[in-house]
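Written below as structure tokens is the structure these notes are about.
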Amino acid sequence: MAQDKGDRALQARIAAHASWARTEDRAARTANARRALMDKFERAVDPDGLLTPDERAFRAEHARKEHYLRLSRKSALARRRRNCRNKHNGGGAA
């Protein structure tokens, strides 16, 4: 069963790479997802729709940057903890 799941995952990865290899306009392909994400940030900063479109966009962009900086910080802290743990456990890979 686990091997079947692993094989399906590998087939999915192969299909994804093949699909991206045939994609001429990557920006157009991902435009809907990017718009949906910005809509999410806009709703977060202006849930009642009271701001002007320019102000909402401005705040949403900062909310987006905050989100990605938080993710970056979490990733850096996790790497730091993992590297520290590896040093104390003989230096092998995790």
Side-chain angles (χ1 to χ4, degrees):
M1 182 79 155
Q3 187 174 0
D4 291 340
K5 183 178 178 182
D7 187 49
R8 285 194 305 269
L10 185 56
Q11 287 176 336
R13 290 175 60 196
I14 291 168
H17 285 294
S19 177
W20 280 110
R22 292 187 303 270
T23 299
E24 291 186 29
D25 188 349
R26 293 188 305 266
R29 180 172 170 178
T30 59
N32 289 339
R34 286 192 315 278
R35 182 70 244 162
L37 185 59
M38 283 310 295
D39 288 347
K40 175 184 168 184
F41 288 119
E42 287 183 4
R43 284 190 305 275
V45 299
D46 188 19
D48 299 322
L50 302 176
L51 299 174
T52 66
D54 286 344
E55 181 65 18
R56 185 180 315 113
F58 177 82
R59 292 184 188 191
E61 180 62 20
H62 284 282
R64 184 187 69 81
K65 288 178 180 183
E66 173 196 10
H67 172 75
Y68 282 108
L69 284 171
R70 286 182 189 279
L71 287 177
S72 178
R73 182 174 182 267
K74 280 180 73 172
S75 177
L77 291 172
R79 284 192 311 273
R80 190 175 306 143
R81 282 192 302 269
R82 185 174 55 242
N83 288 338
C84 184
R85 200 169 45 241
N86 288 341
K87 287 179 185 177
H88 294 293
N89 290 332

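Under the salt bridge (Lys or Arg N to Asp or Glu O under 4.0 Å) criterion, Arg35 pairs with Asp39, Glu42, not counting sequence neighbours. Evaluation of the salt bridge (Lys or Arg N to Asp or Glu O under 4.0 Å) rule for Arg29 yields no partner, not counting sequence neighbours. Legend: residues meeting side chain to side chain donor-acceptor pair (under 3.5 Å) with Ser75, ordered by chain and number and at least two apart, are Arg79. Under the rule for a side-chain contact (heavy atoms from CB on, under 4.5 Å), the partners of Lys65 that lie at least two apart in sequence or sit in another chain are Glu61. Evaluation of the side-chain contact (heavy atoms from CB on, under 4.5 Å) rule for Asp25 yields Ala27, Ala28 as partners, not counting sequence neighbours. Scored by the side chain to side chain donor-acceptor pair (under 3.5 Å) test, Arg73 finds no partners at all (sequence neighbours excluded). When the side-chain contact (heavy atoms from CB on, under 4.5 Å) test is applied to Leu71, the partners found at least two apart in sequence or on another chain are His67, Tyr68. In this view, Ala36 satisfies the side-chain contact (heavy atoms from CB on, under 4.5 Å) rule with no residue, not counting sequence neighbours. Annotation: side chain to side chain donor-acceptor pair (under 3.5 Å) contacts of Arg70 (sequence neighbours excluded): Glu66.
In terms of modelled atom types and a separation under 3.5 Å, the side chain of Thr52 and the main chain of Glu55 share a donor-acceptor contact. Panel note: side chain Asp46, backbone Leu51; a donor-acceptor pair is recorded below 3.5 Å.
Counting all heavy atoms, side chain and backbone alike, Ala60 lies closest to Met38 at CB-CE, 3.8 Å.
The neighbour count for Arg34 CZ, taken as heavy atoms of other residues, nucleotides or ligands under 6.0 Å away, is above 12.
Chaining together hydrophobic side chains whose heavy atoms lie under 4.5 Å apart leaves Trp20 on its own.
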Q. Does the side chain to side chain contact (heavy atoms under 4.5 Å, CB included) test come out yes or no for Arg43 and Lys40, once each step is laid out?
A. CA-CA 5 Å; Arg43 284 190 305 275; Lys40 175 184 168 184; 3.9 Å; yes
